[in-house]
Amino acid sequence: MGFRNKKNTKPEKDNKKKKNQGNDVFGIEGEEVKSVSYFQLYRYASGKEKLMILVGILGAVLQGATMPDRIKCMGTMTNIFVSLVINTTMRKITGIKDDGILQELVSALLSKDMQTGIAGFAMNHPDIDLQKIMKSFNDSEYANSASAMQSSVTLEFKSMDVIFRDIYKFLLILAIVAVVSFIGSFIFYAFLNISALRQTTKIRSLVFNSLMRQEIAWHEKTSPGELSSRIISDTLLIEEGIGPKIGILVQNVFTFIFCFILAFTSGFKLTLYMAVILPALILVGGTMGTILSKYTKKTQDAYGVIGGIAQEAFSQIRTIASFGNEQKEIDRYVEKLKPTKRYGIIKAQTFGFCFGLIFGIIYCSYSIAFYFGSKFIHKGEMVGGDVLQVFMGVMMGAMSISSCGHILNSFGEASGAAAKLFYIIERKPKINAEVGECPEAPVNGEIEFRNVRFTYPARPDIEILKGISFRCQPGQTVALVGASGSGKSTIVQLLERYYEKSEGEILIDGKPVEDYNIHWLRTQIGLVSQEPTLFDATIAENIAITCPDATQEQIEAAAKLANAHEFIQKLPNGYQTSTGERGLQLSGGQKQRICIARALMMNPKILLLDEATSALDNQSEKVVQAALDSASSGRSTLVIAHRLTTVKNADCIIVMDKGVIIESGTHNELMEKQGVYYNLVKNQEMNVQENEVVEDEESDVEDSEMKKITIAEEEGKEEAELLNKRETTTLSRILTNISTASFNRRNTTRTSVKSGEQQKPITGGSLLASMDWKRYLSYNKPVWWANLLGMIGAIFNGSIQPAFAFIFASAMNVFNKQGQELLDDGKFWALMFILLGVANVISFYCQIGGFSTAGEYLSYTFRKEMYNSMIRQEVGFFDCSDIGSGKESAGGGGPGGATTSTGTLTAKLATEAGLVQGLNINVGSVLEIIVTIVVGFTIAFCNGWKLTLILLVAVPFLFVGTFLQMSSNKNKNEEKRRVLEGSTKVSVEAIVAIKTVYALNLEERFCKLYEEKLIEPEKRLVKKYYISSVGTGFSNAVAFFAYILGFYAGALFIKNGELEFQNMFRVLMAIIFTAMAVGRASSIAPDYDKAAEAFGHVLEIIDRKSKIDASDPSGIKQEPFKGNISFNNLRFRYPSRPNITVLRLGDGKIEIPEGKMLALVGGSGCGKSTIIGLLPRWYDAQHGEVIVDGKKNSEYNLKWFREHIGVVNQEPSLFNISIKDNIRYGKEDATDEEIIEAAKKANIHDFIMSLPEGYDTLVGGLGTSRMSGGQKQRVAIARAMVRNPKVLLLDEATSALDAESELIVQQALEEASQGRTTITIAHRLSTIKNSDVIVVMKEGRIVEQGNHEELMAKKGEYYEMVLAGDGGVHKQ
């Protein structure tokens, strides 16, 4: 059960107990989730589906009745065979071949007055030598029975014709039963599977539709990954519960009822004796279930935790590498991994012992049957066939009922899973988007806030807006400025109606916003937010996403307005370029311009710009700003900006702080006040001398418009593919949680792989050969004892099935014996069964316990070693996969296959190690099969080779039947996974970007898309189900035909005296049991394939040598480390895009003397961040070198080298641990004083202290983080500061901050960089004007370098950028 609110979780057990009370509650976000009773699972079934279920259940009842029929026929057949044996034996004794004469003789022998009878016989047949016959009769075993109980039915003589007539009659009945069995099982498998499939498809679609209606506050409390994985994993559980399982249950219950009725009618005393075993079975089964489910839950929870840890580590690998914390991460992982080994071993031992015990008990019940059965026959209360019926009836009845446990369990799971989903389906959103009016005319755009107060539902104790009032006339531009966390974005979110305000009024055109229909209202508002969200579609589709019927001209017009047309044209496929998952194929600035174009497509009356230009560099910003200015003319615009240059033309500027408005007015009014705003502006100013800014504003804008950044052809392509390295993919993270195994392909490739083109799984041609047995055995060495136990167990277990068949058949022969011999043999075979039972307990315990223990140990070792190897790989490894991308398709996508996203690595860690764990058990099963076949056929051939050969004809069919059933199930699951992969991708994309989806009214679009992805494969699956049901029916029916063949051939052999009854029965039983055992086991083969293949992958990962290994002890440690750095003649391509050169410095050099500061500036995608990545050796350049203190950076000891470097990235990667631990991440042995000191330097200490839990506050994972961007960034800066590095790398360290924090952090960074060599990247030029060296880059080359004054004097690129960014703040 995925996630649950920790506080009000009731233990799983209550859930089961209260299942039927129908109002069990466990909390989801403090709202009640009503538990669902089993029958409510069907509440979304249509009439047709209900009919299918009914017919399916009738089929199951039919199938349930076939087992008792088979037993009844076998019992009757046994009686007929007893007559056959008597007939043939009498012929042997007397030598008389004529049935009529024999009949007469037997009657004479059994008559009341034997002497008279025999005399009469002699008169009728004078030619027969009676003397001789009587002598041989009196020597035979029949003599005493004839004298002892002449009244008894024991010796009943039937003629051959009568016997064979009976045999044919019953064989015909068996054939009819076989056909019924085929029809019954076909109907119930096909219909129940298909109805379940249809219902779950409907449930998935309903859940998704409901998710698309919930208010944002609700989404914030649940993680997107959880929701997407829930839709999948929970509906699979429901499908399990309402599919064929219900049919199997009905079948088992009816088998049980019919079998026991049969047993009671055949001999109720014996039945009662045997029924003693039922309570024992139930007890053992129950105990086993309880222990297993308890530990399974513990294991799942533990794996969930370590999955999270791995996921986090892989997605933040740069942070881990930079701070040299690989070992710390490995320890964190192993610490949580340890208990899983213990739980696994407990599970293995329990399962082995209990399973053995169950079979042991069943065998002991056989001994009861034979001991008492022989007594009853001796007394003449029963005949052999009846004993067999009781015996088989009780046995099959008991087995069918004992296998219901896990079915009921899956019903419980289905009800549990449904509770959450049905709650989501039925949840009424707090903000109803369906009501409200939709005026004909568009709004005028008058916006007014009156005394609005607001608190986020996720953090109810902190009030964000404290009585805000302001007004925006139609067509006006109002700017909101202030520190991060002051409530600026909140105003925008309230206008979009993501949340309901606590009190006050928000009016549009004088009407409260609540009166309008939400969807209509959102069509009137264009929103461009701080983090640009694009969907996985082409650029044209993204721009026109709100107006699907827009023409290409309209799309291009919008793109031109947003200054995006130029760069889109230069992309390889122009407007048809795919943007990839979360827009990863484009740089930040490009995405933002596409988002602006998208907002303008709607031609909205109100435009909301939340930091719309923060992701842009100066020149793009200038152009986009101009585009926005032109776009906002005639619209009411609310602008939020940290860069004040962008808002000075606003009609009104509102300065906010902590939820209150402190100042408002135009730029000039506020500058005259010399208040808060004035200080903010002054801090951001560029010291551009007055006289340099001669042109006035307009020409300035035109100028930069005309100088449209001319991009070289190649650069266009590059820009397109510039995967924004820093982002990690949420999708991947989510797919990890979804039954980790299922996602074998990552669709982050540029051409999104359609489900149809799925790679074919690689077939296990000669997996036995290709498997590295030597390595495998060496890994098994530490647990050789467990494997040895397993081997011994497997050999014993293999022999037990045939041995059972042998003993069973021999014991059946007891019923043909007479007198005392009958009782003695009964006792003897009863003892044999008890021995067999004991042997079974031991062998099962050894086999399952031994191999599973070894498997758990291996799984633990592999996970540990794989993680150890993965975390030490170079960063490039995480960008591109050189190891097959996950499950079945081992080869990834061949060369240039799918890009790895962190999800695949995590999934690998989970699935591959888990699969290998099964290898030992599979090897054991293979051994068991071999032994079974050898022993089974030996027994059969020794007892009657002719019959064995005849029966061998049936073996392939028995085998094929079982195999068909198994294999169809396997492919069905593959198919399902694919189906779900397509729809999951849609749901993840929608849920992750839920705010954007709402703002653009895309709910319907995604619901339709989701529905399509679900419906599309349904027909294929339905066909599959029909085929697999034929397999099931066939495998059920085929055993009957084997019996028919065996009985018929056996009867002929006995008649001709070629075979004893006992031997015939042994052959029949041995062959049938062997074939069934082999069929069962053959289902293991595909698992074996997978396990062997997974082992190969595991070794690939463990053996992969990191190209840049931080754990390598070699390399120099040159004290003191000074920090003179130079980058010479670099040429570099990212490993994930080997055909695109990102850096080409040529003969260019960048040098930074010790303690100085270098600034890198340039458009997005020009290679600035790449240079920063080369210094700490995240990557190594293909050409050129990075020299530090006179030596190449590759010559140093890497761990030691990285210890002298502090890094702060554009997107602060924090871990889901406490703030204190996040800061301590920079330096493991940091004291609390050092941490607080670092936090003060980064200007975050006061904020941390204001939180309820202070430094122990958890940061929250990616995407659900509780802190604003600026706050996270400052924690990241503190983390870099705490290690007191010699070299500081700042990649856009302040881009996420507002003016005020930026100023303070900027000061903090400037103080921090005193005496350190600093390399900084910035889009805001004001932050780097004091640098010692400024390098201007473009398309991976150096265009200019020098300090601020020198570059301004050159009037080149840098000068242009400064003008664009400055925009003449000075000319008041």
Euclidean distance, [Y] [atom2] relative to [X] [atom1], rounded to 0.5 Å:
X: Glu500; Y: Ile216; atom1: CD; atom2: CD1; value: 12.5 Å
X: Thr340; Y: Ile306; atom1: OG1; atom2: CD1; value: 5.5 Å
X: Thr1318; Y: Leu1290; atom1: OG1; atom2: CG; value: 6.5 Å
X: Glu874; Y: Asp1109; atom1: CD; atom2: CG; value: 9.0 Å
X: Leu1214; Y: Ile1223; atom1: CG; atom2: CD1; value: 9.5 Å
X: Lys1199; Y: Asp1112; atom1: NZ; atom2: CG; value: 13.0 Å

Donor-acceptor pair between [X] and [Y] side chains, under 3.5 angstrom:
X: Gln327; Y: Arg872; result: yes
X: Gln873; Y: Ser869; result: yes
X: Ser486; Y: Asp657; result: no
X: Lys430; Y: Gln214; result: no
X: Ser1218; Y: Asp1256; result: no

Mind running side-chain contact (heavy atoms from CB on, under 4.5 Å) on Ile1319 and Leu1175 for me, showing each step along the way?
CA-CA 10 Å; Ile1319 302 181; Leu1175 178 64; 4.2 Å; yes
Verify, without hydrogens or angle tests, whether [X] (side chain) and [Y] (backbone) share a donor-acceptor contact under 3.5 angstrom.
X: Glu1234; Y: Thr1231; answer: yes
X: His219; Y: Glu215; answer: no
X: Asn1222; Y: Ala1276; answer: no
X: Tyr1225; Y: Ala1280; answer: no
X: Lys1220; Y: Ile1235; answer: no
X: Arg453; Y: Ser502; answer: no
X: Lys1117; Y: Trp1200; answer: no
X: Thr1317; Y: Gly1123; answer: yes
X: Arg1283; Y: His1204; answer: no
X: Tyr1179; Y: Gly1173; answer: no

Only pairs at least two apart or in different chains count here, so list each salt bridge (charged side-chain N to carboxylate O under 4.0 Å, His left out) that has a residue in residues 1168-1179.
Arg1177-Asp1180
Partner set under side chain to side chain donor-acceptor pair (under 3.5 Å) for Tyr867, not counting sequence neighbours
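So Tyr867 forms no side chain to side chain donor-acceptor pair (under 3.5 Å) with any residue.
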Quick one: sort the His1245 and Tyr1255 rings into parallel, tilted or perpendicular, breaks at 30° and 60°.
tilted
Angle between ring planes, Phe454 versus Tyr456, binned at 30° and 60°: parallel, tilted or perpendicular?
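It falls in the perpendicular class, over 60°.
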In plain terms, say whether [X] and [Y] are close enough for a salt bridge, that is, a side-chain N and a carboxylate O under 4.0 Å apart.
X: Lys1240; Y: Glu1237; result: no
X: Lys328; Y: Glu1228; result: no
X: Arg1224; Y: Asp1232; result: yes

Criterion side-chain contact (heavy atoms from CB on, under 4.5 Å) on Ile309 and Lys336, from CA distance to verdict
CA-CA 9 Å; Ile309 291 177; Lys336 293 278 187 250; 3.8 Å; yes
Taking only residues two or more places apart in sequence, or in another chain, which ones meet Lys1156 in a salt bridge (Lys or Arg N to Asp or Glu O under 4.0 Å)?
none
Looking at every non-hydrogen atom in both residues, tell me the closest pair between Arg1279 and Phe323 and how far apart they are.
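Answer, listing the atom of Arg1279 first, then Phe323: NE-CE1, 3.3 Å.
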Option from Val660, Thr455, Ile661, Leu494 for which side chain to side chain contact (heavy atoms under 4.5 Å, CB included) with Leu465 holds:
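Of the listed options, the one satisfying the test is Leu494.
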Check this for me: Lys501, atom NZ, are more than 12 non-hydrogen atoms of other residues, nucleotides or ligands nearer than 6.0 Å?
yes
Going through the checks in order, is the salt bridge (Lys or Arg N to Asp or Glu O under 4.0 Å) test met by Glu329 and Arg332?
CA-CA 5 Å; Glu329 283 304 313; Arg332 184 160 85 118; 3.3 Å; yes
Can a cation-pi geometry be assigned to Lys341 and Tyr860, taking NZ or CZ under 6.0 Å from the six-membered ring centre and within 45° of the ring axis?
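Yes - Lys341 lies over the ring of Tyr860, closer than 6.0 Å to its centre and within 45° of its axis.
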From CA spacing to verdict: side-chain contact (heavy atoms from CB on, under 4.5 Å), Ile317, Thr319:
CA-CA 5 Å; Ile317 191 71; Thr319 312; over 6 Å; no
